[in-house]
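Chain letters run A, B, ... following the sequence lines, proteins first, then strands; residues in each count from 1. Predicted model, so just to flag it, every value in this text is computed and none were measured.
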Amino acid sequence: MAKWLLKSEPSDYSIDDLAQDEITVWNGIRNFQARNFIKEKMRVDDSILFYHSSCKLTGVVGIAKVVSEAYADPAQFDEKSQYYDKKSQQENPKWFVIDVKFERKATAIFLLKEMKTSPELEDLLLFKQSRLSVLPVTDKQWHFIVSKINS
DNA sequence: GCCAACGTTGGC
DNA sequence: GCCAACGTTGGC
């Protein structure tokens with residue numbers, strides 16, 4: 001099973017929002033590389049690290065899981081949505097989503113600044129592509145991060 | 001709130 | 001197909 005890191009701005013959608021909703025549609029991804037990961041690589045039961053970005057305490061704050069195959073993002077066809085894309089056609093959708101299910105909150109947030117100083121994470125794609133909001137993590141990176149948020 | 005980094009768009 | 005201009009992300 002593949003493992004992923006998903007970023008979200010907590011002022012927009014936080015781990016507490018997910019805990020309350022249980023399941024949410026991960027919509028609004030409008031970056032091609034992120035789209036391709038979702039559409040081509042994500043599978044049901046893949047694991048997710050939930051990361052808070054653009055806030056006071058940036059870092060990994062919980063764990064979630066992929067619970068659907070990729071499907072067309074409905075928001076791209078909704079003229080009233082902020083994610084509306086007039087260039088996307090029903091028969092050939094540009095943007096995709098998956099459903100995400102809450103698993104658990106971190107006991108302790110693993111802060112970005114701590115992640116940066118961990119040799120175990122030196123190859124983390126998060127540092128190389130700071131603007132990518134959907135990115136794969138290796139099994140080793142996964143286990144290291146999970147050990148940090150459970151302690 | 002600022003600003004650097006970087007992804008996307010569009011003119012040529 | 002290149003690259004400048006533009007818009008957005010995200011850390012600080």
Side-chain angles (χ1 to χ4, degrees), chain A residues 2-21 24-42 46-66 70-138 140-142 144-151:
Chain A
K3 291 161 176 81
W4 305 94
L5 185 147
L6 261 54
K7 290 186 197 171
S8 185
E9 296 185 26
S11 60
D12 188 45
Y13 196 86
S14 72
I15 187 72
D16 291 320
D17 293 325
L18 183 62
Q20 196 175 345
D21 293 346
T24 195
V25 180
W26 205 258
N27 65 6
I29 298 296
R30 295 293 180 267
N31 165 290
F32 286 107
Q33 204 181 347
R35 190 279 306 263
N36 292 342
F37 283 137
I38 289 174
K39 188 182 169 195
E40 289 156 20
K41 299 282 167 54
M42 278 193 174
D46 280 0
S47 300
I48 295 168
L49 296 167
F50 196 106
Y51 176 96
H52 279 175
S53 68
S54 295
C55 59
K56 199 168 178 186
L57 297 173
T58 58
V60 175
V61 292
I63 292 175
K65 178 167 111 168
V66 177
Y71 58 98
D73 186 347
Q76 69 194 306
F77 304 121
D78 178 2
E79 286 186 44
K80 291 191 283 289
S81 169
Q82 61 172 314
Y83 300 123
Y84 177 62
D85 184 345
K86 63 170 188 262
K87 291 187 195 161
S88 187
Q89 298 167 318
Q90 290 275 358
E91 60 274 20
N92 184 24
K94 253 171 95 178
W95 307 112
F96 288 79
V97 294
I98 34 100
D99 293 343
V100 170
K101 183 172 186 294
F102 177 75
E103 292 267 289
R104 62 183 190 273
K105 268 183 82 167
T107 315
I109 178 171
F110 190 20
L111 294 168
L112 175 63
K113 64 175 179 183
E114 295 163 352
M115 295 168 73
K116 279 182 176 167
T117 57
S118 304
E120 293 87 345
L121 300 178
E122 64 179 351
D123 294 326
L124 200 66
L125 209 53
L126 181 71
F127 308 141
K128 285 172 197 148
Q129 287 179 260
S130 61
R131 305 185 53 181
L132 191 57
S133 63
V134 174
L135 53 108
V137 298
T138 67
K140 277 187 179 174
Q141 292 163 346
W142 169 271
F144 180 74
I145 293 170
V146 168
S147 77
K148 293 292 177 180
I149 64 174
N150 286 330
S151 54

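In this structure, the CG atom of A:L126 is 12 Å from the C1' atom of C:dT9, given to the nearest Å. Taking atom NZ on A:K128 and atom P on B:dA5, their separation rounds to 18 Å, with Å as the unit. The distance between atom CD of A:Q33 and atom P of B:dA5, rounded to the nearest whole Å, is 19 Å. Computed from coordinates, the A:R35 CZ to B:dT8 P distance equals 10 Å when rounded to whole Å. Between the CG atom of A:D12 and the C1' atom of C:dT8 there is a distance of 14 Å, given to the nearest Å. Atom CG of A:L125 and atom P of B:dG7 are 11 Å apart (whole Å). Per the geometry, CZ belonging to A:R30 stands 17 Å off C1' belonging to B:dT9, to the nearest Å. The interatomic distance linking A:L132 (CG) with B:dG7 (P) rounds to 8 Å, in whole Å.
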Item to check | Verdict with reasoning, A:W95 to A:F32, per ring pair (Phe, Tyr, Trp, His ring centres under 6.0 Å) | outcome: CA-CA 8 Å; A:W95 307 112; A:F32 286 107; 5.1 Å; yes
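Nucleic acid contact class of A:K56 (heavy atoms, under 4.0 Å, all strands): none. Backbone-only engagement by A:T58 is indicated by non-hydrogen atom pairs under 4.0 Å involving sugar-phosphate atoms exclusively.
OP1 or OP2 of C:dT9 has not a single side-chain nitrogen or oxygen of A:K7 nearer than 4.0 Å. The phosphate of C:dG11 (OP1 or OP2) has a side-chain N or O of A:Y51 nearer than 4.0 angstrom.
The closest side-chain donor-acceptor pair between A:D99 and A:Y71 falls under 3.5 angstrom.
For an aromatic pair to be called close, the ring centres must be under 6.0 Å apart, and A:W4 with A:F50 fails this.
Both A:K87 and A:F127 lie near DNA chain B, and the one whose nearest nucleotide falls closer to the 5' end is A:F127.
Heavy atoms from other residues, nucleotides or ligands lying under 6.0 Å from CD of A:Q20 number 12 at most.
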